[in-house]
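First up is the structure itself, then whatever we jot down about it.
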Amino acid sequence: MACERDYNTLMAGVQELDLQGNAIPSDLLLTGEHSIPLAVNPRGQVLMAASHYGQGRIVVLGHEGFLTRFPVLMKNALTWLRPTTRDAGVVGIQRRLRAVAENFPIKTELIDFRNDLSIYITDAYSVETCAKDQVAFLKAGGGLIIAGQAWHWSHKHPQESTIRNFPGNKVCSVAGIYFTEHPGQVSIFPVPRNIPSTWRALSMCQNVKKDLEFLLEGVSEFDTCGTSASEVLVHGPLAFPIALTPDGKPFFAGAYYGLGRVILVSHECYLSKNTTSTFMINAIKWLAEGRQGVVGILPSLKAADEVLAKSGLDCQLTDFRDDLSVYVCTSYSDAHCAEIQEFVAEGGGLLIGGHAWNWARTNWSSNVMTEYPGNRILNEMGLSLLENTLSGGLYKAPEVEHSSEEGYHFWRMLQRFAEHVKLGQKLTDQEQDYLKQLGNDCASYLRMRCYDSAAYTSVLALLTDIVKMPSFPQVSSTCPVESPKDRMMLHIGKEVYKVTPDPDALISYIIKDRPNLPTVSNARVRITANTADSEEWISTGLYLSPGMKTYITIPPEIIGTKWQVQLGCQTDNIGGSNVLKRAPVVHERFPLDSEKVQVCNLWGGLIYFVAPPESKVDGVEIVVQTAVQAPYFKSGETSVADWVGKIRQRPAPWAELEFENLVMTLPSDFIRNLEHPDEVAKLWDAIMRSVSDLAATPAKFPRKERFVGDVQISAGFMHSGYPIMMLSSSASQLLNVKEAHKHDFWGPLHELGHNQQRKVWEFPPHTTECTCNLWSVYVHEKVLGVNRAKAHPCMTLESRQACIKKYFSGGKDLKNWTKATALETYMQLQEKFGWDAFKKVFSLYHDMKDVPNDNAGKMNLYAKTFSKVVNHNLSPFFKTWGWPIQPNTEQELSHLPAWRDHPVSQYA
């Protein structure tokens with residue numbers, strides 16, 4: 001890495017640093033992507049540093065006394081600083097440093113600063129008069145050494161910000177190095193071979209109380225209604241959140257960057273909303289810092305121009321120019337990325353608005369942290385836009401008194417977590433609550449993969465050390481994880497594994513007991529798919545052990561066509577659970593965008609190919625270089641003899657049974673003794689045909705349903721979706737053919753029913769947990785031969801009558817018409833008109849157009865549709881149940897015979 005090469009050049013031959021004596025240095029703050037620490041004391045304070053800016057290089061020493069204390073280091077620095085284009089130039093040294101020049105390791109000239117020098121050496125106290133010239137010199141390729149300390153200056157200027165106003169920072173801050181007011185502790189310490197990295201060196205945060213007071217003047221709340229903004233990751237030591245949702249997600253943020261300032265709002269509409277105009281005017285003035293130059297506004301932001309013009313500043317619609325005072329733009333283009341970064345670093349202001357969630361959805365295989373245009377500009381400034389969506393609302397402005405020092409900040413919380421894990425320091429209750437946010441932020445930060453940044457590599461090194469701690473949790477059903485600390489470690493373990501340069505060296509710390517399973521080579525898989533409007537998983541019967549890598553050879557027909565490979569069947573994110581029996585996310589996906597793709601998942605998993613919507617392939621061959629075989633039965637292809645004789649004993653810990661319309665994925669222990677998968681297939685083929693029969697859809701499903709049994713799922717003991725997730729402890733009931741009519745099949749059928757529900761005839765939240773049970777009742781009676789009264793306790797006559805009585809005694813309030821109560825309405829229709837009526841109704845809805853979006857409109861349409869199917873006016877029946885039947889519905893159905901002797905007629 002470039003930063004490592006720079007460090008090795010600068011510190012070559014330096015074995016230790018003796019900093020003892022009267023020269024008390026300043027602690028240096030590093031923020032730049034190219035800033036590297038050269039000397040870090042045992043407390044983690046940075047006392048010497050180096051960086052790049054433009055074509056030039058800079059070395060910063062925390063005290064001017066260091067200029068003569070380390071002659072080897074100074075010789076190295078002069079070699080490193082001297083650009084090839086200025087080899088013959090003069091090395092100048094500031095006239096005030098005459099005593100230093102006499103003891104300097106090479107010949108220098110005492111001289112005032114000139115831009116034709118090769119290298120200039122100066123103290124940090126008197127650069128202000130020529131700061132702009134020195135920045136230009138550095139940018140054009142010159143070399144600078146700036147030495148000094150700021151703690152004494154800060155005592156003399158207690159009301160001023162050292163970061164902003166200390167003279168030396170007027171130059172070195174453009175390269176991401178700042179003198180701070182904190183004295184550095186001096187001692188003798190060895191020089192490490194690699195860039196020093198310690199969790200104690202995590203940068204401190206700037207006190208931004210005065211900034212927030214200015215920005216929030218006259219602002220009591222943020223109205224974000226009607227917009228879906230992106231969450232902002234505030235990760236720079238000089239970056240700070242401004243506006244947050246109640247759960248602490250930032251959507252407005254600011255930062256210092258070099259000599260300039262930045263404000264980020266995570267939707268461009270906030271730039272022009274009347275409800276946020278007070279803040280925007282404050283923001284543009286804060287960015288201008290009293291300058292009276294032009295505020296340039298991207299021409300497409302005409303509405304923002306109207307708002308910002310009220311600031312009294314000279315606002316003009318224009319593309320980016322480097323002579324602006326402030327530039328206002330969106331985050332959707334990085335056309336002027338480098339120019340904007342230099343513009344801000346050298347003192348300009350940037351107001352940028354936009355969200356990343358839509359880009360992330362459109363560019364589903366891309367890394368939003370590194371490839372989203374706005375983040376190419378913002379990452380270096382300590383701010384990033386995430387793909388996470390924040391819903392609009394009316395959010396209270398933060399309390400300035402506490403927000404800057406006591407609120408959440410990425411760097412501060414990361415250091416506190418390190419102290420907690422490494423030193424056993426206790427976290428406060430509030431800090432414990434912050435750990436979930438820290439875990440999410442660490443995951444996003446790590447995805448920047450900025451290996452040439454010393455700041456990034458120090459965070460990666462810290463998190464790697466945490467993962468290697470003996471206390472890293474070995475999560476399982478018998479060893480669940482509960483504490484915030486263990487949950488955080490488990491979360492970051494996977495993220496660190498994904499970005500570390502040597503994942504193989506890390507996996508044994510995360511998973512201490514990995515099985516060594518036999519593998520097969522060059523497994524060939526034939527893929528056929530014909531998808532409609534949804535993606536589809538295609539099983540392979542292959543498995544990868546935790547951390548196992550393999551290459552997959554892809555046929556040209558599907559390269560770059562949005563096909564993916566998925567490792568792992570457990571797609572539920574269980575991070576919201578209080579107790580974890582597995583890691584929160586244990587599956588991975590990779591785009592199939594080249595002829596050969598390497599894939600790996602920390603937690604291992606079955607291999608699937610994911611066909612995108614509207615894709616069609618027939619028998620294309622994919623080759624998996626190395627994998628573990630899994631027990632896999634497929635109706636029509638696998639014989640029972642092969643299953644019993646060899647397939648069911650294949651070594652993978654996950655097994656699949658694939659039938660006509662259904663795939664079951666279960667821990668292999670459940671199928672090791674399964675003798676007759678064909679009988680299981682026969683049962684479930686009948687069940688699935690019955691499901692389609694009631695839904696009035698073709699017997700062959702457009703996409704096979706899936707059940708996955710997992711040790712823990714995100715909701716309940718079972719939930720619908722693709723796949724339907726269920727607790728593995730309940731999975732055995734799916735296989736017990738002989739006892740099917742005796743067992744509780746209501747749950748699996750209930751979830752299959754959920755997957756059949758359609759928005760056009762659903763009235764959420766009333767029928768969400770109701771109409772799905774039409775399939776539960778139907779399949780029990782038609783396939784399992786179980787009377788509805790025995791299918792579920794809610795279906796007994798006593799329960800049904802009690803449900804009716806309770807609802808009508810409560811005044812038949814529609815808000816209580818849910819679940820079993822709502823199901824009773826449909827059961828009364830079924831018992832009067834039969835299942836065929838439902839089938840005809842569902843059939844009509846398949847092609848129905850212009851269906852209302854509101855419940856009242858949809859309920860009236862349903863009443864009319866069902867009435868016409870059964871040739872009865874059902875308005876009296878539905879009105880009795882409290883449905884909002886409108887007069888025009890009654891009028892439209894008035895020619896049909898009314899159903900007045902219905903089961904709840906006494907409540908009419």
Side-chain angles (χ1 to χ4, degrees), residues 1-7 10-11 27-41 43-53 57-60 62 163 169 172-180 182 192 194-206 232-240 253 255-258 262 341 344-345 367 369-370 375-384 409-418 438 441-466 492 495-496 499-501:
M1 294 182 291
C3 57
E4 288 285 355
R5 291 194 296 272
D6 290 341
Y7 176 79
L10 286 160
M11 305 308 288
D27 184 11
L28 303 176
L29 171 64
L30 306 187
T31 66
E33 185 174 306
H34 304 294
S35 331
I36 55 174
L38 301 178
V40 180
N41 68 18
R43 286 185 57 190
Q45 295 176 304
V46 180
L47 308 181
M48 304 179 191
S51 189
H52 295 249
Y53 184 69
R57 298 176 176 185
I58 185 171
V59 172
V60 180
I163 293 292
N169 287 338
C172 61
S173 65
V174 300
I177 303 175
Y178 296 81
F179 294 90
T180 76
H182 305 290
N194 299 317
I195 295 175
S197 175
T198 167
W199 58 270
R200 291 182 175 91
L202 294 177
S203 304
M204 76 292 289
C205 308
Q206 170 80 339
V232 175
L233 173 62
V234 182
H235 56 83
L238 296 181
F240 54 95
Y256 286 94
Y257 180 68
V262 186
Q341 288 170 341
V344 179
N367 183 344
M369 292 297 294
T370 59
N375 286 340
R376 294 183 189 272
I377 299 171
L378 292 164
N379 284 347
E380 283 195 27
M381 300 176 181
L383 301 169
S384 303
H409 194 284
F410 175 66
W411 288 94
R412 180 167 52 220
M413 193 61 219
L414 186 55
Q415 188 168 52
R416 287 292 296 127
F417 183 66
L438 179 63
D441 287 352
C442 283
S444 296
Y445 183 84
L446 289 173
R447 285 198 288 273
M448 286 196 290
R449 297 177 179 263
C450 192
Y451 300 109
D452 271 334
S453 163
Y456 178 88
T457 54
S458 68
V459 171
L460 178 56
L462 165 64
L463 296 176
T464 300
D465 287 346
I466 289 174
I492 64 173
E495 302 301 330
V496 172
V499 301
T500 183

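All heavy atoms count here, side chains included; hydrogens, waters and symmetry mates do not. This chain uses plain numbering: 1 for the first residue, then up along the sequence. Because the structure is predicted, anything quoted here is derived from the model rather than measured.
Every residue meeting the side-chain contact (heavy atoms from CB on, under 4.5 Å) condition with Arg447, not counting sequence neighbours, appears here in chain and number order: Asn367, Met369, Glu387, Ala443, Ser444, Glu495. Annotation: ring pair (Phe, Tyr, Trp, His ring centres under 6.0 Å) contacts of Tyr256 (sequence neighbours excluded): Trp286. Applying the side-chain contact (heavy atoms from CB on, under 4.5 Å) rule to Ala49 yields the partners Leu28, Leu30, Val46, Ile177; only residues at least two apart in sequence or on another chain are considered.
Less than 6.0 angstrom separates the ring centroid of Tyr445 from the ring centroid of His235.
Summarising the geometry of Phe179 relative to Cys172, their closest heavy-atom pair is CE1-SG, 3.7 Å, with the distance given to 0.1 Å. Here the shortest heavy-atom pairing between Tyr7 and Pro192 reads OH-O, 2.9 Å. The two residues Thr370 and Met448 come nearest to each other via the heavy atoms CG2-O, 3.3 Å. Ala345 and Val174 get closest at one heavy-atom pair: O-CG1, 3.2 Å. Residues Ala454 and Pro37 share a closest heavy-atom pair of CB-CD, 3.9 Å. A pairwise comparison of heavy atoms in Tyr53 and Ala175 identifies CB-CB, 4.1 Å as the closest pair.
Within the 4.5 Å cutoff, side-chain heavy atoms of Val499 are placed close to those of Leu460. Using a 4.5 Å heavy-atom cutoff, the side chains of Leu383 and Leu233 are not in contact. Between Cys3 and His34, every side-chain heavy-atom pair lies at or beyond the 4.5 Å cut-off. A heavy-atom distance below 4.5 Å is not found between the side chains of Thr464 and Leu462. Side-chain atoms of Phe410 and Cys442, non-hydrogen and from C-beta on, do get closer than 4.5 Å to each other. Using a 4.5 Å cut-off on side-chain heavy atoms (C-beta onward), Gln45 and Leu47 make contact. Inter-residue side-chain proximity for Ile466 and Phe417 is flagged as met; some heavy-atom pair is nearer than 4.5 Å.
Annotation: the span from Leu29 atom CG to Leu238 atom CG amounts to 5.0 Å, rounded to 0.5 Å. With rounding to the nearest 0.5 angstrom, the OH atom of Tyr257 is 4.0 Å from the CD atom of Glu380. Between the CD1 atom in Ile36 and the CD atom in Glu4 there is a gap of 8.0 Å [rounded to 0.5 Å]. To the nearest 0.5 Å, atoms CE (Met413) and NE2 (His409) are separated by 13.0 Å. Taking CD1 from Ile492 and CG from Leu446, the interatomic distance works out to 8.0 Å, rounded to the nearest 0.5 Å. Rounding to the nearest 0.5 angstrom, the gap separating the CZ atom in Arg43 from the NE2 atom in His182 is 10.0 Å.
No side-chain donor-acceptor contact under 3.5 Å links Thr180 and Asp27.
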| said: Please evaluate residues Val60 and Met48 with respect to the criterion side-chain contact (heavy atoms from CB on, under 4.5 Å), reporting the C-alpha separation (whole Å), side-chain torsions for both, the decisive distance (0.1 Å), and the verdict. | reply: CA-CA 6 Å; Val60 180; Met48 304 179 191; over 6 Å; no
| query | Stepwise, does the side-chain contact (heavy atoms from CB on, under 4.5 Å) test hold for Ser384 with Leu378? | reply | CA-CA 6 Å; Ser384 303; Leu378 292 164; 5.6 Å; no
| message | Could you walk me through whether Leu38 and Met11 satisfy the side-chain contact (heavy atoms from CB on, under 4.5 Å) test, starting with their C-alpha distance in whole Å, then the side-chain angles of each, then the deciding distance to 0.1 Å, before giving a yes or no? | response | CA-CA 7 Å; Leu38 301 178; Met11 305 308 288; 4.0 Å; yes
| task | Go through the steps to decide whether Tyr456 and Glu33 satisfy the test side-chain contact (heavy atoms from CB on, under 4.5 Å), and finish with yes or no. | result | CA-CA 8 Å; Tyr456 178 88; Glu33 185 174 306; over 6 Å; no
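Panel note: side chain Asn169, backbone Ser173; no donor-acceptor pair is recorded below 3.5 Å.
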